[in-house]
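Have a look at the structure below before the remarks.
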2 protein chains.
Amino acid sequence: MQAEAVSEERLEEWAEFLKALAHPIRLRIISVLIEGKQCVKNLSELLQTSQPNVSQHLGVLRSKGILGCKRDGSIVCYYIKNERVVEIYKILSKEA
Amino acid sequence: MQAEAVSEERLEEWAEFLKALAHPIRLRIISVLIEGKQCVKNLSELLQTSQPNVSQHLGVLRSKGILGCKRDGSIVCYYIKNERVVEIYKILSKEA
DNA sequence: TGCTTATATTATATCATCCTAATATGGATA
DNA sequence: TATCCATATTAGGATGATATAATATAAGCA
C-alpha cells in the first residue's frame, strides 16, 4: 500500500515544528514541563540560563504552538500545549 | 514518579538528531525511503532537486546515523537505518 | 507615585545552515 | 586509455539562529 504524497506545505510545517524542538535548552524546557507547568523564573533557575535567553526560547516554542502560557499576576506559567512533543520526547528517551 | 534528569550530552545528541530531520527536503527523503530504498539519482528526480543538493542532504542524514547506504557498482542506494525516524514521521503524519 | 520583581523585547556580533556552481571521484564500458 | 554516468566534495555568498547586553513593559506593593 503506497502512502499518499505529503504536500510541500505540510513538510515545511513539520520542519518548523522539529526545528523548534531541535535545541538542547528547548528540549530541557520540554522535559521540565512534562513534569508540570512552570513559571519563567523557575525555568531560568532550573536550567541555569539567563532570564532573557529562557524567555526567547519559550517564545520560539510558543510561536509554534508547542507551549501555551497563562499570566497570573506578574507571573507567567508555561505548559505543554501540543501533546505530540510528549510523544516525540518519549521516543527520544527510550534509548537503545 | 519523577523522571530522571537527562544529561546535557544526551540533550545535545537529541537536538542534533532533530535538527537533521528539520528540513523539508530531508523529510521528503525520509518519506520516500520509508517506502523503500532508493539511489541518489532517483531521489534527485523524485524530489526535483539538484543532485549535489540531494547528496548534501543525504550526507547530513547519514552523518547522524539516520540513513545508511550501500554502493552497488556506480550506484549508491540509501535506506533508513535508524527506525526512530519512522516513529517520529508517523507521529507527524497522524495529523489532527 | 516611586520602587521592586517578573517577563518580554531589541540590537548586535558571531556562528551555522542553505543553495548554487564548479570540480572531483569512481565505476562501467567501448 | 578515453569517455560516460553516478555520486561526492568544495567554495561562495546569502540567509538564519544563537547568546549576551541593554532596555522596555507590566504587575504588585510601600
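We use all heavy atoms of the structure for the numbers below, so side chains are in, but hydrogens, waters and symmetry mates are not. Residue numbering restarts at 1 for every chain, and letters A, B, ... go by the order of the sequence lines. Everything numeric in this text was worked out from a predicted model, so none of it was measured.
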In whole angstroms, how far is the [atom2] atom of [N] from the [atom1] atom of [X]?
X	N	atom1	atom2	answer
Leu61(A)	dA17(D)	CG	C1'	14 Å
Lys70(B)	dA6(D)	NZ	C1'	16 Å
Leu46(B)	dA6(D)	CG	P	15 Å
Glu16(B)	dA16(C)	CD	P	11 Å
Lys37(A)	dT7(C)	NZ	P	14 Å
Glu12(B)	dA16(C)	CD	P	13 Å
Lys41(A)	dA26(D)	NZ	C1'	17 Å
Leu47(A)	dT18(D)	CG	C1'	16 Å

Item to check | Side chain of Lys19(A) - closest among dA19(D), dA17(D), dA8(D) | outcome: dA17(D)
Next on the checklist: As a test of reading the structure: which of dC19(C), dT7(C), dA6(D) is closest to the side chain of Ile25(B), going by heavy atoms?
Outcome noted: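 From the listed options, dC19(C) comes nearest.
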Checklist entry - Which of residues 48-58 of chain B have a heavy atom under 4.0 Å from DNA chain C? => result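 Of all residues in residues 48-58 of chain B, the ones placing a heavy atom under 4.0 Å from DNA chain C are Pro52(B), Asn53(B), Gln56(B), His57(B).
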Checklist entry - Should Tyr79(B) and Val85(B) be counted in the same cluster of Ile, Leu, Val, Met, Phe, Trp and Tyr side chains packed under 4.5 Å apart? => result no
Next on the checklist: Please determine whether residues Val54(A) and Val60(A) belong to a single hydrophobic cluster, defined as Ile, Leu, Val, Met, Phe, Trp and Tyr linked transitively by side-chain heavy-atom distances below 4.5 Å.
Outcome noted: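 No, separate clusters.
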Next on the checklist: So that I can tick it off, tell me whether Lys19(B) and Glu16(B) are bridged by a salt bridge, with the cut-off set at under 4.0 angstrom between side-chain N and carboxylate O.
Outcome noted: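 Judged by the 4.0 Å cut-off on N to carboxylate O distance, Glu16(B) and Lys19(B) do form a salt bridge.
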Next on the checklist: Using a strict threshold of under 4.0 Å (side-chain N to carboxylate O), is an ion pair present between Lys64(A) and Glu13(A)?
Outcome noted: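 Salt bridge: no.
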Nearest heavy-atom pair of [X] and [Y]: which atoms, and what distance?
X	Y	result
Ala20(A)	Leu61(A)	O-CD2, 3.7 Å
Tyr89(A)	Ser31(A)	OH-CB, 2.9 Å
Gln38(B)	Leu33(B)	N-CD2, 3.7 Å

Checklist entry - Which is true for Leu43(B) with a 4.0 Å heavy-atom rule: it touches a base, it touches only sugar-phosphate, or it touches nothing? => result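 Answer is nothing: Leu43(B) stays at 4.0 Å or more from every strand.
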Checklist entry - Counting N and O atoms only, with roles assigned by atom type, does the side chain of Arg28(A) sit under 3.5 Å from a partner on the main chain of Val6(B), one being a donor and the other an acceptor? => result yes
Next on the checklist: Between Arg26(A) and dT18(D), is there a contact of a side-chain N or O with OP1 or OP2 at under 4.0 Å?
Outcome noted: yes
Checklist entry - Do any side-chain nitrogens or oxygens of His23(B) fall under 4.0 Å of OP1 or OP2 in dA16(C)? => result no
Item to check | Those residues of residues 71-79 of chain A lying under 4.0 Å from DNA chain D by at least one heavy atom | outcome: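 Those residues are Arg71(A), Gly73(A), Ser74(A).
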Next on the checklist: Apply salt bridge (charged side-chain N to carboxylate O under 4.0 Å, His left out) to residues Glu87(B) and Lys94(A) and explain how you reach the verdict.
Outcome noted: CA-CA 12 Å; Glu87(B) 299 183 58; Lys94(A) 66 170 180 198; 3.0 Å; yes
